[in-house]
Amino acid sequence: MPRPNLIYVLADQLRAQSVGYLGDGKAHTPNIDSLAAESVSFTNAVSVAAVCAPYRNSLFTGKFVSSTGMVINEIRAMPDPDAIGHVLTGNGYNTGYIGKWHLYGKDHTPPEQFTPKGPYRLGWDGYWAANNFNHEYFEGFYYEDTPERIEIDGYEPDVQTDMAIRFLRGAKDRDEPFALMLNYGTPHDPWEWWNCPEEWNRLFRDVEMPDPPNYEDGSAEFWDPRFDRDWYLREWKPNRFQYRQVYYAMTANLDWNLGRLLRA
């Protein structure tokens, strides 16, 4: 049976309704739209978890959070011999993992960022360039197989795409098939102008981002007590239009990088 090459791109907090091919006229996503035109689009896919690490662990293991124990962010995933990384490695794939991992952290300061080589990488035993998480994208970094932190010079999604392209170019000279997982942090907040390159910001600085017809004031204290109504009125509500603009700018940059990856 032929073993196809695999590339899985995961974007953090990218909403289905914020891409052009699904009807958003403000979105600048020509590469995503073009890919969708020649692909299957799963418009009724449902996550088994609503937050980052529990979903990610379920994606990698094929199990519900009730089986993985990863029920919230900032705890550590259990080793799992059936995880997809082990399946790929066990079937002769040259694996590559680049970007956000978020399955080995502990909730303390500073947060734990390095995942040592071994069972806690869930079978991604080939090339590894990852951290647990980072959302200040001009201050990017990653780790390989030692605890030495490697700083990223430039905008994190751009450099991660460069790394992915180098992996692909190296993989073509090898006999075995490859499986590459590229995990972007964008378009996750903070949605501040300083957190996205100006060449993408300027596409949306003057674009109006009105509230949808079903908009209501609200807060999230039942999710996290810090995000109460005072926080909402002080921090979120007056800035929500800018947050939307930067979100779209980050998504446009993400789309550009996907285009680079597709051409490679």
Side-chain angles (χ1 to χ4, degrees), residues 5-43 52 96-102 127 129-131 133-142 150-172 178-209 241-264:
N5 295 323
L6 304 172
I7 302 176
Y8 195 107
V9 180
L10 189 60
D12 204 332
Q13 295 192 355
L14 177 63
R15 309 183 306 171
Q17 67 264 38
S18 296
V19 293
Y21 83 93
L22 289 176
D24 192 324
K26 291 184 171 65
H28 183 80
T29 55
N31 294 295
I32 293 174
D33 301 344
S34 177
L35 177 62
E38 57 185 50
S39 304
V40 174
S41 179
F42 293 95
T43 55
C52 180
Y97 194 100
I98 297 170
K100 183 177 180 179
W101 179 245
H102 209 189
Y127 179 64
N131 57 38
F133 65 91
N134 172 60
H135 297 302
E136 294 185 0
Y137 303 114
F138 283 106
E139 302 294 334
F141 59 92
Y142 62 94
I150 303 171
E151 304 293 338
I152 287 177
D153 182 13
Y155 194 56
E156 184 177 81
D158 299 352
V159 176
Q160 289 171 337
T161 306
D162 292 341
M163 297 164 67
I165 291 171
R166 285 196 295 271
F167 175 86
L168 295 179
R169 289 174 176 165
K172 70 181 177 62
F178 67 80
L180 170 66
M181 179 160 278
L182 175 58
N183 287 251
Y184 293 117
T186 52
H188 191 293
D189 56 293
W191 299 304
E192 303 288 350
W193 295 119
W194 53 259
N195 210 21
C196 186
E198 179 58 25
E199 64 184 294
W200 305 105
N201 288 340
R202 64 171 175 254
L203 295 178
F204 294 96
R205 280 187 184 275
D206 299 322
V207 176
E208 293 186 3
M209 297 285 178
F241 303 116
Q242 176 205 291
Y243 290 167
R244 294 170 193 165
Q245 291 170 320
V246 178
Y247 179 92
Y248 277 77
M250 287 181 175
T251 302
N253 169 266
L254 179 74
D255 179 86
W256 175 71
N257 278 306
L258 180 64
R260 297 172 57 216
L261 186 69
L262 288 168
R263 287 189 294 273

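These values consider heavy atoms only, across backbone and side chains, with no hydrogens, waters or symmetry-generated copies.
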Asker: Is there a donor-acceptor contact under 3.5 Å from the side chain of N183 to the main chain of L10?
Answerer: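 Here the side-chain-to-backbone pair does not exist.
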Asker: Can you confirm whether E192 sits close enough to Y243 that some side-chain heavy atom of one is under 4.5 Å from a side-chain heavy atom of the other?
Answerer: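 A side-chain contact under 4.5 Å exists here.
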Asker: Starting at NZ of K26, measure out to OG1 of T251 and round the result to the nearest 0.5 Å.
Answerer: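 Result: 14.0 Å between the selected atoms.
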Asker: Can you tell me how far the CD atom of Q160 sits from the CG atom of L261, to the nearest 0.5 Å?
Answerer: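 Reported value, rounded in 0.5 Å steps: 12.0 Å.
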Asker: Rounded to the nearest 0.5 Å, what separates atom CE in M250 from atom CG in D255?
Answerer: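 Between M250 CE and D255 CG, I get 15.5 Å after rounding to 0.5 Å.
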Asker: Under the side-chain contact (heavy atoms from CB on, under 4.5 Å) test against Y184, which residue among L258, L14, I98, N257 passes?
Answerer: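 Of the listed options, the one satisfying the test is N257.
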Asker: Strictly distance-based, threshold 3.5 Å: is any side-chain N or O of T29 a donor or acceptor partner for the main-chain N or O of G20?
Answerer: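 Looks like yes, one N/O pair under 3.5 Å.
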Asker: To the nearest 0.5 angstrom, please state how far the CD atom of Q245 sits from the SG atom of C196.
Answerer: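 Atom-to-atom, Q245:CD and C196:SG are 11.5 Å apart.
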Asker: So H188 and F133, do their side chains get closer than 4.5 Å, heavy atoms only?
Answerer: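 Of all side-chain heavy-atom pairs linking H188 with F133, none is under 4.5 Å.
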Asker: Taking side chain as C-beta onward, heavy atoms only, is N134 less than 4.5 Å from Y142?
Answerer: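 In short, these two side chains do not touch, never coming nearer than 4.5 Å.
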Asker: Go through K172 and L168 one step at a time and tell me if the side chain to side chain contact (heavy atoms under 4.5 Å, CB included) criterion holds.
Answerer: CA-CA 6 Å; K172 70 181 177 62; L168 295 179; over 6 Å; no
Asker: Find out whether E136 and W194 are in side-chain contact, i.e. whether some heavy atom of one side chain is under 4.5 Å from a heavy atom of the other.
Answerer: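 Result yes, sub-4.5 Å side-chain heavy-atom pair found.
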Asker: Does D24 offer a backbone N or O that forms a donor-acceptor pair with the side chain of Q17 under 3.5 Å?
Answerer: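 No, because the side chain of Q17 does not come within donor-acceptor range (under 3.5 Å) of the backbone of D24.
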Asker: Quick check against the 3.5 Å criterion: does S34 have a side-chain atom that pairs as donor or acceptor with the backbone of P30?
Answerer: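 Flag not set: sc S34 to bb P30 has no pair under 3.5 Å.
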Asker: Could you tell me whether R166 sits above the aromatic face of Y127, with NZ or CZ closer than 6.0 angstrom to the six-membered ring centre and within 45 degrees of the axis?
Answerer: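 No cation-pi geometry.
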Asker: Starting at CZ of R260, measure out to CG of N31 and round the result to the nearest 0.5 Å.
Answerer: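 Interatomic distance, R260 CZ to N31 CG, rounded to 0.5 Å: 11.0 Å.
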Asker: May I ask you to test the C52-D12 pair for a side-chain heavy-atom distance under 4.5 Å?
Answerer: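 Yes, their side chains come closer than 4.5 Å.
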Asker: Indicate yes or no for a side-chain donor-acceptor contact from E156 to the backbone of G99 under 3.5 Å, with no hydrogens or angles considered.
Answerer: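 Side chain of E156 to backbone of G99, a donor-acceptor pair under 3.5 Å: no, none is there.
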Asker: I would like to know whether T186 and Y155 meet side chain to side chain contact (heavy atoms under 4.5 Å, CB included); could you show each step before the answer?
Answerer: CA-CA 11 Å; T186 52; Y155 194 56; 3.8 Å; yes
Asker: Roughly how far, to the nearest 0.5 Å, is the CD1 atom of I32 from the OG atom of S41?
Answerer: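 Reported value, rounded in 0.5 Å steps: 11.0 Å.
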Asker: In terms of relative ring orientation, are F204 and Y248 parallel, tilted or perpendicular, with 30° and 60° separating the classes?
Answerer: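 The rings of F204 and Y248 sit tilted, inter-plane angle from 30° to 60°.
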Asker: Output yes when a side-chain donor or acceptor of N195 lies under 3.5 Å from a complementary backbone atom of H135, and no otherwise.
Answerer: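 Such a contact is found between N195 side chain and H135 backbone.
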Asker: For the pair Q13 and W191, evaluate side chain to side chain contact (heavy atoms under 4.5 Å, CB included) and give the outcome as yes or no after the intermediate values.
Answerer: CA-CA 12 Å; Q13 295 192 355; W191 299 304; 3.4 Å; yes
Asker: Is there side-chain contact between L182 and F167, with heavy atoms separated by less than 4.5 Å?
Answerer: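 With C-beta onward as the side chain, the pair stays apart.
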Asker: Under 3.5 Å, side chain of N253 to main-chain N/O of A249, donor-acceptor pair present?
Answerer: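 The answer is no, because no donor-acceptor pair under 3.5 Å joins these two groups.
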Asker: Has Y137 got a side-chain atom pairing as donor or acceptor with P157's backbone, closer than 3.5 angstrom?
Answerer: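 The answer is no, because no donor-acceptor pair under 3.5 Å joins these two groups.
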Asker: What's the shortest heavy-atom distance between N131 and F141, and which atoms?
Answerer: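 In terms of heavy atoms, the two residues are closest at ND2-O, 2.7 Å.
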Asker: Quick check: do Y247 and M209 have side-chain heavy atoms less than 4.5 Å from each other?
Answerer: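 They are not in side-chain contact.
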Asker: Given side chains that start at C-beta, do those of W193 and Q242 come closer than 4.5 Å, heavy atoms only?
Answerer: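 Counting from C-beta outward, W193 and Q242 do come under 4.5 Å.
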